[in-house]
2 protein chains.
Amino acid sequence: MAVSTISSRLDGAALEAWRGYLQSHAGIVRELDADLIAHHGLTVRDYEVLLYLAQADERQLPMSALSERTMLTRSGITRLVDGLVDQGMIERVSCERDARVSYARLTAAGYGKLRDAGRTHVAGIERLFLSHFTATELEQLAQLLGRLPGATGGVQCTAGDEAPTAAPNGDCTVD
Amino acid sequence: MAVSTISSRLDGAALEAWRGYLQSHAGIVRELDADLIAHHGLTVRDYEVLLYLAQADERQLPMSALSERTMLTRSGITRLVDGLVDQGMIERVSCERDARVSYARLTAAGYGKLRDAGRTHVAGIERLFLSHFTATELEQLAQLLGRLPGATGGVQCTAGDEAPTAAPNGDCTVD
DNA sequence: GATGTTCTGTTGACCTGTCAACTACAATGG
DNA sequence: CCATTGTAGTTGACAGGTCAACAGAACATC
């Protein structure tokens with residue numbers, strides 16, 4: 001059993017690398033999520049959305065911008081934002097110049113929540129990821145992983161991305 | 001904006017590493033999934049389950065074993081297996097020695113499908129992941145990622161794992 | 001302008017997975 | 001031998017997301 005026949009290189013170190021990549025990701029993300037939910041009642045997705053808003057001008061973004069950044073569909077974002085509006089972290093604001101768009105704007109409460117949650121989140125990243133490496137190793141990792149599709153200005157951008165500055169997942173706290 | 005204040009090390013290379021890790025994973029998994037669905041009508045999860053069965057003795061495993069390996073809940077596995085049974089790739093077999101357990105067993109059709117899909121899948125991994133690195137770099141990656149929680153005999157094993165040999169995600173083809 | 005096309009956001013129907021409750025069986029201990 | 005406790009699997013209700021279809025607004029072009 002296993003891995004030969006077809007795959008030229010999917011053996012030994014290659015297999016280990018791929019396995020490590022998949023498994024570690026599953027474990028880490030799962031735990032980060034559990035942490036955030038337990039301590040702040042937020043999903044990692046919620047957190048991500050709040051963070052994008054916090055980083056945006058006037059702390060607001062059109063729904064479609066959120067949809068691009070999070071890689072959710074527009075309907076997905078509609079529903080996610082619905083939830084955050086119900087919790088009082090976001091409010092909807094209609095756009096004056098284009099009646100089609102409606103902004104999601106971070107409320108003061110949402111901003112506070114985000115800051116609190118940020119501590120937990122960053123501590124989790126530190127504990128589950130960063131703490132396992134030296135500074136040099138982190139540089140190596142950054143260099144290697146940066147080559148992969150999706151990283152650093154990736155492949156999947158379907159529509160006009162207007163935010164080259166964005167931190168589609170990695171940037172982790174506000175202020 | 002960004003990252004300071006709280007996080008000691010979440011800057012520069014650390015941030016890049018973390019970002020690259022998250023984003024590349026999202027992109028690669030998404031594309032692998034799309035490939036597999038388009039060419040074979042299988043989810044990556046489906047594929048994973050079929051593969052575990054193919055690697056097991058008699059090509060069968062108790063539901064709970066599948067649940068542990070896939071990191072799905074037992075009910076999740078019940079439903080996933082339901083689907084594969086409907087498609088004729090798996091059959092349910094009750095255990096003689098313990099009437100509580102029911103095995104999921106790979107059918108001949110399922111095994112064939114798995115082999116076909118394996119080609120697509122491995123080609124995808126090669127294209128999206130392996131091809132970006134040299135052999136040496138893959139060794140480095142394996143070494144680094146192997147330290148993370150979840151990789152190589154991880155943290156999350158709730159109950160008695162009986163399969164130290166298992167390839168909880170990485171092993172990618174049969175035979 | 002009237003018209004056709006494109007874009008934004010929402011909704012309905014559905015899929016996938018979780019959680020909690022339940023059934024059925026096994027194991028343990030008095 | 002029976003009572004308790006634990007384990008395997010399924011089910012109902014729901015959360016979270018997708019897809020397809022839509023309405024309303026903006027743009028393009030004649």
Side-chain angles (χ1 to χ4, degrees), chain A residues 26 29-31 33-34 36-38 41-49 53 60-87 90-105 156-162, chain B residues 26 29-31 33-34 36-38 41-49 53 60-87 90-105 156-162:
Chain A
V29 165
R30 171 171 302 239
E31 193 154 340
D33 215 59
L36 218 45
I37 291 172
L42 282 183
T43 305
V44 166
R45 281 217 194 280
D46 295 337
Y47 181 84
E48 205 185 342
V49 165
L53 295 180
Q60 65 181 19
L61 284 175
M63 303 294 282
S64 53
L66 280 178
S67 138
E68 281 171 23
R69 285 169 176 67
T70 56
M71 298 186 74
L72 290 180
T73 49
R74 273 172 298 155
S75 63
I77 273 295
T78 292
R79 283 166 168 140
L80 195 162
V81 166
D82 281 348
L84 291 172
V85 167
D86 289 348
Q87 297 176 54
I90 285 183
E91 54 194 356
R92 282 200 168 82
V93 181
S94 54
C95 175
E96 295 172 353
R97 294 180 307 174
D98 187 338
R100 289 172 304 179
V101 344
S102 101
Y103 289 101
R105 176 186 293 166
Q156 319 264 13
C157 302
T158 35
D161 9 26
E162 61 186 36
Chain B
V29 164
R30 173 172 300 241
E31 193 155 339
D33 215 60
L36 217 47
I37 291 173
L42 282 182
T43 305
V44 166
R45 281 218 193 281
D46 295 338
Y47 181 84
E48 205 186 341
V49 164
L53 294 179
Q60 64 181 21
L61 283 175
M63 302 295 282
S64 53
L66 280 178
S67 139
E68 282 172 22
R69 283 170 175 69
T70 57
M71 299 187 73
L72 291 181
T73 49
R74 273 172 300 156
S75 64
I77 274 295
T78 292
R79 281 162 170 142
L80 196 161
V81 166
D82 281 348
L84 292 172
V85 167
D86 289 349
Q87 296 176 55
I90 284 184
E91 54 194 355
R92 281 202 167 81
V93 181
S94 53
C95 175
E96 296 172 352
R97 292 182 307 175
D98 186 337
R100 290 172 304 179
V101 344
S102 103
Y103 290 101
R105 177 186 293 165
Q156 319 265 15
C157 301
T158 35
D161 8 27
E162 61 186 34

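Side chains included, hydrogens not; waters and symmetry mates left out as well; all remaining heavy atoms used. In what follows, chains are A, B, ... by sequence order, proteins preceding strands, each numbered from 1. All figures in this text were calculated on a predicted structure; none of them were measured in a lab.
- Taking the 5' to 3' direction, DNA chain D first and last meets chain B under 4.0 angstrom from a heavy atom at dG6(D) to dA13(D).
- Axis angle, first five pairs versus last five pairs of the helix from dG1(C)-dC30(D) to dG30(C)-dC1(D): 10°, rounded to 10°.
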| said: Is there a side chain to side chain contact (heavy atoms under 4.5 Å, CB included) between Ser94(B) and Tyr103(B)? Walk through the geometry before answering. | reply: CA-CA 6 Å; Ser94(B) 53; Tyr103(B) 290 101; over 6 Å; no
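- Not counting sequence neighbours, the partners of Thr43(B) by the side-chain contact (heavy atoms from CB on, under 4.5 Å) test are Asp33(B), Arg45(B), Asp46(B).
- Within residues 90-105 of chain B, the residues having any heavy atom under 4.0 Å from DNA chain C are, by residue number, Asp98(B), Ala99(B), Arg100(B).
- Closest approach of Ile77(A) to Ser67(A), counting heavy atoms only: CG1-CA, 3.5 Å.
- Summarising the geometry of Ala104(B) relative to Ile90(B), their closest heavy-atom pair is CB-CG2, 3.9 Å, with the distance given to 0.1 Å.
- Of the residues in residues 75-87 of chain A, those lying under 4.0 Å from DNA chain C by heavy-atom distance are Ser75(A), Thr78(A), Arg79(A).
- Partners of Arg100(B) by salt bridge (charged side-chain N to carboxylate O under 4.0 Å, His left out), not counting sequence neighbours, listed by chain and number: Asp98(B).
- Residues Val49(B) and Leu84(B) have side chains in contact (heavy-atom distance under 4.5 Å, counting atoms from C-beta outward).
- On the nucleic acid side, DNA chain C contacts chain A at distances under 4.0 Å to non-hydrogen atoms, with the end points of that region at dC7(C) to dA13(C).
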| task | Evaluate the side chain to side chain contact (heavy atoms under 4.5 Å, CB included) criterion for residues Glu48(A) and Arg69(A): first the C-alpha distance (whole Å), next the side-chain angles of each, then the deciding distance (0.1 Å), finally the verdict. | result | CA-CA 9 Å; Glu48(A) 205 185 342; Arg69(A) 285 169 176 67; over 6 Å; no
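- Shown here are the salt bridge (charged side-chain N to carboxylate O under 4.0 Å, His left out) partners of Arg92(A), two or more places apart in sequence or in another chain: Asp82(A).
- Not counting sequence neighbours, Arg74(A) has no partner by the side-chain hydrogen bond (donor to acceptor under 3.5 Å, both in side chains) test.
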| task | Kindly determine whether Leu72(A) and Leu66(A) satisfy side chain to side chain contact (heavy atoms under 4.5 Å, CB included), including the steps that lead there. | result | CA-CA 8 Å; Leu72(A) 290 180; Leu66(A) 280 178; over 6 Å; no
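- A pairwise comparison of heavy atoms in Arg30(B) and Met71(A) identifies NH2-O, 3.4 Å as the closest pair.
- Looking at heavy atoms from C-beta onward, Met63(B) lies in side-chain contact with Val81(B) at the 4.5 angstrom threshold.
- Partners of Arg79(A) by side-chain hydrogen bond (donor to acceptor under 3.5 Å, both in side chains), not counting sequence neighbours: none found.
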